[in-house]
Student: 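Before I ask anything, here is the structure I am working with.
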Amino acid sequence: MRGGARRRFLRECRDHLTAAAAARGEAEAVRAFGDPAEIAAAFDAEMAARRGVRSTFLAVAGVLATGGSTLALIHSASAGATAPAPWAVVFFVAAQVAAVAAALALVQALVLRRASMAAADVALLARRNGCALLASGLAIFAAGAALPGQGSALLLLAGPALVCVALVAVLRARSLARRMPGGGAVAVRSPLADLRHLTGLAVPALGARRLLLLTTCIAAAAAFVRDRAEQATVGGAFVTAGIEATAVVVCFVALGRALGIWRSA
Amino acid sequence: MTTDLLRGHLDRLLLSVLAEAPGHGYELSRRLTKRSGGQLEAPEGSLYPALHRLERGRLVASAWDAGDGRRRRVYRLTASGRREVRRSRQEWRAFSSAVNRVLG
């Protein structure tokens, strides 16, 4: 641990020991202070949690800013430009993965913002944030590759720049968490349980399979309704819904374990 | 009381002693020991990670103070911290009453 937080912590410990030694003698002051290794470990855990929460807020800001940059990019595309289907699929999937991973991280960070955080939870937070940032970067890259045009460099680069800053913060939190005992363990946190804790609402508890089924149905229905609202044919809307459902299942299987949604048997 | 038993309650105990008045870490540890009649003696160094955690949750705020000629970090409750103390007291009364009924 380096920097201002370390200096402040050491200063507080020194002040405490000085006052205690003056009142009770040095040997008693040191005994009452406790095991230095345990206290240092507790401080490391607190710093990791603090970095995890801060990097989450930064990551969410990065994802939102990249969303704004992506919208600016789409609006500045050449008139009549049409995105090739593969890039369009990559864009929609990456954008949704970014939104879901950022939402998972934000809910987890809000639930744990006042609590002790195990190293595995900080590592999970870092994975969720990292996934959100990488996916948002991929989304804007796909949009840029698919749609030629000209736009304001400031608007287009603001999002990716914030993503880079947030990624550094996430990597610092991850690095500290992995050095702590238990940092390599794979944590699983139910997003619905976190949501129930955060809102106090009676959010039902669902297992991974039922959660996947529910999410897939909602996503497919939303894709169908959106396509129909954009004057697509019923057949075309069904195809879009099928692609959406497939993407949800593939992402759930591929990323669910890393994002702490399910645990392998 | 064992350190393990105390550990799960350290945050609410610190908030409660801070509800009396702001204070620095050493002063808070003295207040904690005094108010518990000497029964609660957490390793004093463990107060600092707990205070930093409470500060992360915006339940306490801190600033350097040099009132008595020595520069010390003084902690005080925030408005959220005061609400948390009230909530925590109600929760503890209900919990301890239930445990008393079971243990007899």
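So that the names make sense, note that chain A is the first sequence line, chain B the second, and so on, each numbered from 1.
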Student: Verify the neighbour count for atom CZ of A/Arg174: are there more than 12 heavy atoms of other residues, nucleotides or ligands below 6.0 Å?
Tutor: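 12 or below, so no.
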
Student: Under the criterion side chain to side chain contact (heavy atoms under 4.5 Å, CB included), I'd like the reasoning laid out for A/Glu12 against B/Ser62: C-alpha separation, chi angles, the key distance, then a yes or no.
Tutor: CA-CA 12 Å; A/Glu12 287 184 285; B/Ser62 70; over 6 Å; no

Student: Could you check whether atom CZ of A/Phe57 has more than 12 heavy atoms from other residues, nucleotides or ligands sitting under 6.0 Å from it?
Tutor: yes

Student: If you count heavy-atom pairs under 4.5 Å with chain B, which of A/Cys13, A/Ala45, A/Ala20 comes out on top?
Tutor: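 Most heavy-atom pairs within the cutoff with chain B belong to A/Ala20.
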
Student: Under the 6.0 Å and 45° cation-pi test, does A/Arg11 pair with B/Trp64?
Tutor: yes

Student: Considering only heavy atoms, give the residues of residues 105-122 of chain A separated from chain B by less than 4.5 Å, sorted numerically, with 'none' for an empty result.
Tutor: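 Answer by number: A/Leu112, A/Arg113, A/Arg114, A/Ala115, A/Ser116, A/Met117.
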
Student: Which residues in residues 44-57 of chain B have any heavy atom lying under 4.5 Å from a heavy atom of chain A?
Tutor: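 From residues 44-57 of chain B, the residues near chain A are B/Glu44, B/Gly45, B/Ser46, B/Tyr48, B/Pro49, B/His52, B/Arg53, B/Glu55, B/Arg56, B/Gly57.
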
Student: Heavy-atom count around A/Glu26 CD within 6.0 Å, excluding the residue itself: above 12?
Tutor: no

Student: More than 12 heavy atoms of other residues, nucleotides or ligands under 6.0 Å from CZ of A/Arg257: yes or no?
Tutor: no

Student: Are there more than 12 heavy atoms of other residues, nucleotides or ligands under 6.0 Å from atom CZ of A/Arg54?
Tutor: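 No, because the 6.0 Å sphere around CZ of A/Arg54 holds 12 heavy atoms or fewer from other groups.
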
Student: Tell me which of these, A/Ala49, A/Gly34, A/Ala32, A/Ala42, has more heavy-atom pairs under 4.5 Å with chain B than the rest.
Tutor: A/Ala32

Student: Report, by ascending residue number, the residues of residues 18-34 of chain B in heavy-atom contact with chain A at a distance under 4.5 Å; give 'none' if the set is empty.
Tutor: B/Gly25, B/Tyr26, B/Ser29, B/Arg30

Student: Cut-off 3.5 Å, no hydrogens considered: what does the side-chain donor-acceptor table look like for residues 158-167 of chain A, sequence neighbours left out?
Tutor:
none

Student: Heavy-atom cut-off 4.5 Å, strictly under: side chain, backbone, both or neither for A/Arg24 against chain B?
Tutor: side chain

Student: Search all heavy atoms of A/Asp15 against all heavy atoms of B/Arg71 and return the closest pair with its distance.
Tutor: OD2-O, 3.2 Å

Student: What residue, out of A/Ala23, A/Ala29, A/Ala19, has the most heavy-atom pairs lying under 4.5 Å from chain B?
Tutor: A/Ala19

